[in-house]
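What follows is a short report on a single structure.
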Amino acid sequence: LSEVKDKFGNDSLIVRSSCTAEDNLENSNAGKFLSILDVKTENLEEAIEEVFSSYPLKNLNDEVLIQPMLNNVSMSGVVFSHDPSNVSQYSVFNWHEGSDTTAVTAGKKSFTWVQSLKSTKNLPEKLVPVSYLLEELLNIFNKQPIDLEFAITEGKSLEIWLLQVR
């Protein structure tokens, strides 16, 4: 905890669930477990305990992710490299436009785009950087089906953030 406090100081953090029951080869439970936003370092230990207590079973491999809260988020979402219903080679992009980085995993109104894994033709311009990130991760994971959570922030330039990959 002291390393996190030293690194982030008074910055707001998010404590995200990363539970072994959350995702596996059979299903995705993205958004099913607690994540706590806008955590100050003085409340970090309590937030970590609260996220762990949201897990259904205790497993020594369960974790939490501690990340900086992002400012100026313009878009966030989840991308499946392969169609999650049948693992066919169609990528499924689900995204929300606006600052709420939990909107897609919470089931709020969002946009969806389905595209052949081997094509970027007609891909909406705003999804191109996400598509490049997906391609890079597929290379790292030897083309195994993955899903990733991302956010895009706007400042002096657009930045894409990889929040989690499964």
Sequence-distant partners of K5, salt bridge (Lys or Arg N to Asp or Glu O under 4.0 Å), two or more places apart:
none
As an exercise, state the distance from CD of E50 to OG of S35, rounded to the nearest 0.5 Å.
11.0 Å
Please determine whether residues L158 and L123 belong to a single hydrophobic cluster, defined as Ile, Leu, Val, Met, Phe, Trp and Tyr linked transitively by side-chain heavy-atom distances below 4.5 Å.
yes
Any chance you could measure F93, atom CZ, to Q115, atom CD, to the nearest 0.5 Å?
6.5 Å
Within this structure, what is the CG-CG distance for the pair L117 and L138, rounded to the nearest 0.5 Å?
6.0 Å
One should read off an interatomic distance between I152 CD1 and E159 CD, to the nearest 0.5 angstrom, of 11.0 Å
Rounded to the nearest 0.5 Å, what separates atom CG in L133 from atom CG in L127?
12.0 Å
Are F33 and L37 in one and the same hydrophobic cluster, where Ile, Leu, Val, Met, Phe, Trp and Tyr link if side-chain heavy atoms are under 4.5 Å apart?
no
Under the rule for salt bridge (Lys or Arg N to Asp or Glu O under 4.0 Å), what residues qualify as partners of D100, not counting sequence neighbours?
K108
Atom pair CG/OG of L148 and S91 - distance to nearest 0.5 Å
9.5 Å
What's the shortest heavy-atom distance between S18 and Y55, and which atoms?
N-OH, 2.9 Å
For P68, enumerate each residue passing the side-chain contact (heavy atoms from CB on, under 4.5 Å) test, keeping only those at least two apart in sequence or located in another chain.
F8
Which pairs pass salt bridge (charged side-chain N to carboxylate O under 4.0 Å, His left out) with one or both residues in residues 59-79, sequence neighbours excluded?
none
Should we count CZ of F52 as having more than 12 external heavy atoms under 6.0 Å?
yes
Can you sort out the partners of T112 under side chain to side chain donor-acceptor pair (under 3.5 Å), two or more places apart, ordered by chain and number?
N94
With side-chain hydrogen bond (donor to acceptor under 3.5 Å, both in side chains) as the rule and sequence neighbours excluded, what pairs involving residues 67-87 come up?
R16-Q67, S74-E154, D83-S85, N86-S88
Taking side-chain contact (heavy atoms from CB on, under 4.5 Å) as the test, write out the residues that go with K7, two or more places apart.
none
Applying ring-ring contact (aromatic ring centres under 6.0 Å, His included), which residue pairs with at least one partner in residues 138-159 are found, sequence neighbours left out?
none
Shared hydrophobic cluster for W95 and I160 (ILVMFWY, side-chain gaps under 4.5 Å)
yes
side-chain contact (heavy atoms from CB on, under 4.5 Å) partners of I140, counting only residues at least two apart
E136, L137
Remaining members of L70's ILVMFWY cluster at a side-chain heavy-atom cut-off under 4.5 Å?
V73, W161, L163
Test: side-chain hydrogen bond (donor to acceptor under 3.5 Å, both in side chains). Region: residues 38-49. Which pairs qualify, not counting sequence neighbours?
S12-K40
Do L1 and M69 share a hydrophobic cluster, counting only Ile, Leu, Val, Met, Phe, Trp and Tyr and linking them when any side-chain heavy atoms are less than 4.5 Å apart?
no
Taking side-chain contact (heavy atoms from CB on, under 4.5 Å) as the definition, give me every residue that meets it alongside D6, ordered by chain and number, with sequence neighbours left out.
none
